[in-house]
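Working notes, beginning with the structure itself.
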Amino acid sequence: QVQLVESGGGLVQPGGSLRLSCAASGSIFSINVMGWYRQAPGKERELVAQITSGDTTYYADSVKGRFSLSRDNAKNTAYLQMNSLEPEDTAVYFCYTVIARTRSPAPEFRYWGQGTMVTVSS
């Protein structure tokens with residue numbers, strides 16, 4: 001089994017910054033993808049950003065230029081730096097990972113964190 005522990009959410013004023021962290025632990029041979037989804041009240045969950053084992057990143061158009069995703073492979077941890085936050089960024093942010101338990105070729109497994117609330121309000 002794999003556990004994801006998220007931290008860093010909270011309340012911030014518009015224009016402010018937050019950094020979310022997501023640490024993975026458990027039965028992991030390789031982390032192929034780590035990323036973040038978010039879900040605002042009354043809206044569907046959307047992909048915010050993800051990073052692959054080859055450091056290829058993806059960002060939703062709504063966060064490009066404001067959010068930056070990085071990873072520390074030694075710590076199995078991903079960091080989402082969120083700058084210039086807007087009220088529209090208010091949501092529960094869910095970390096997820098796609099891992100393999102053995103050397104490739106191997107099946108992949110997806111796991112989710114418990115979610116952390118980000119509120120952008122004055």
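Heads up: numbering here begins at 1 and tracks the sequence.
- Side chain of Thr97 to main chain of Ile99: no donor-acceptor pair is present (N/O by atom type, distance under 3.5 Å, no hydrogens or angles).
- The two residues Gly115 and Glu6 make their nearest non-hydrogen contact at N-OE1, 2.6 Å.
- Among all heavy-atom pairs drawn from Val63 and Val48, the shortest one is CG2-O, 3.7 Å.
- Annotation: the span from Thr56 atom OG1 to Ile51 atom CD1 amounts to 8.0 Å, rounded to 0.5 Å.
- Tyr111 places a side-chain heavy atom less than 4.5 Å from the side chain of Gln1.
- Contact record, Cys22 with Leu4: SG-CD2, 4.0 Å, taken as the closest heavy-atom pair.
- Residue pairs satisfying the ring pair (Phe, Tyr, Trp, His ring centres under 6.0 Å) criterion with at least one member in residues 69-88, sequence neighbours excluded, are absent.
- In this view, Phe94 satisfies the ring-ring contact (aromatic ring centres under 6.0 Å, His included) rule with no residue, not counting sequence neighbours.
- Taking OG1 of Thr119 as the start and CG of Leu85 as the end, the distance is 10.5 Å to the nearest 0.5 Å.
- No side-chain heavy atom of Leu69 sits less than 4.5 Å from a side-chain heavy atom of Met82.
- For the 3.5 Å distance criterion, the side chains of Thr57 and Asp55 fail to qualify, holding no donor opposite an acceptor.
- Smallest separation of non-hydrogen atoms from Ala24 and Met34: CB-CE, 4.4 Å.
- Residue pairs that meet the ring pair (Phe, Tyr, Trp, His ring centres under 6.0 Å) test with at least one member in residues 30-58, sequence neighbours left out, are Tyr37-Tyr96, Tyr37-Trp112.
- Between Val33 and Glu108, every side-chain heavy-atom pair lies at or beyond the 4.5 Å cut-off.
- When atom types are taken as modelled, the side chain of Arg66 and the backbone of Ser84 share a donor-acceptor pair closer than 3.5 angstrom.
- In this structure, the side chains of Val118 and Arg38 stay at 4.5 Å or more apart for every pair of heavy atoms.
- In this structure, a donor-acceptor pair under 3.5 Å is present between the side chains of Ser17 and Asn83.
- Between the CG atom of Leu18 and the CZ atom of Phe67 there is a distance of 9.0 Å, given to the nearest 0.5 Å.
- Thr90 OG1 to Lys43 NZ: the interatomic distance, rounded to the nearest 0.5 Å, is 10.0 Å.
- For the atom pair Gln50 CD and Cys95 SG, the distance stands at 11.5 Å (nearest 0.5 Å).
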Next item on the list: Please report the C-alpha distance between Tyr59 and Ser68 in whole Å, then the side-chain angles of each, then the deciding distance to 0.1 Å, and finally whether the side chain to side chain contact (heavy atoms under 4.5 Å, CB included) criterion is met.
Entry: CA-CA 8 Å; Tyr59 296 96; Ser68 178; 4.0 Å; yes
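- There is no path of hydrophobic side-chain contacts, each under 4.5 Å, that joins Val98 to Val2.
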Next item on the list: Any chance you could lay out the side chain to side chain donor-acceptor pair (under 3.5 Å) test for Ser53 and Asn32, step after step, and finish with the verdict?
Entry: CA-CA 5 Å; Ser53 57; Asn32 299 336; 4.7 Å; no
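- In this structure, CZ on Arg71 lies 14.0 Å from CG on Leu80, to the nearest 0.5 angstrom.
- Using a 4.5 Å cut-off on side-chain heavy atoms (C-beta onward), Thr116 and Val92 make no contact.
- Counting heavy atoms from C-beta outward, Ser121 and Leu11 have side chains that approach closer than 4.5 Å.
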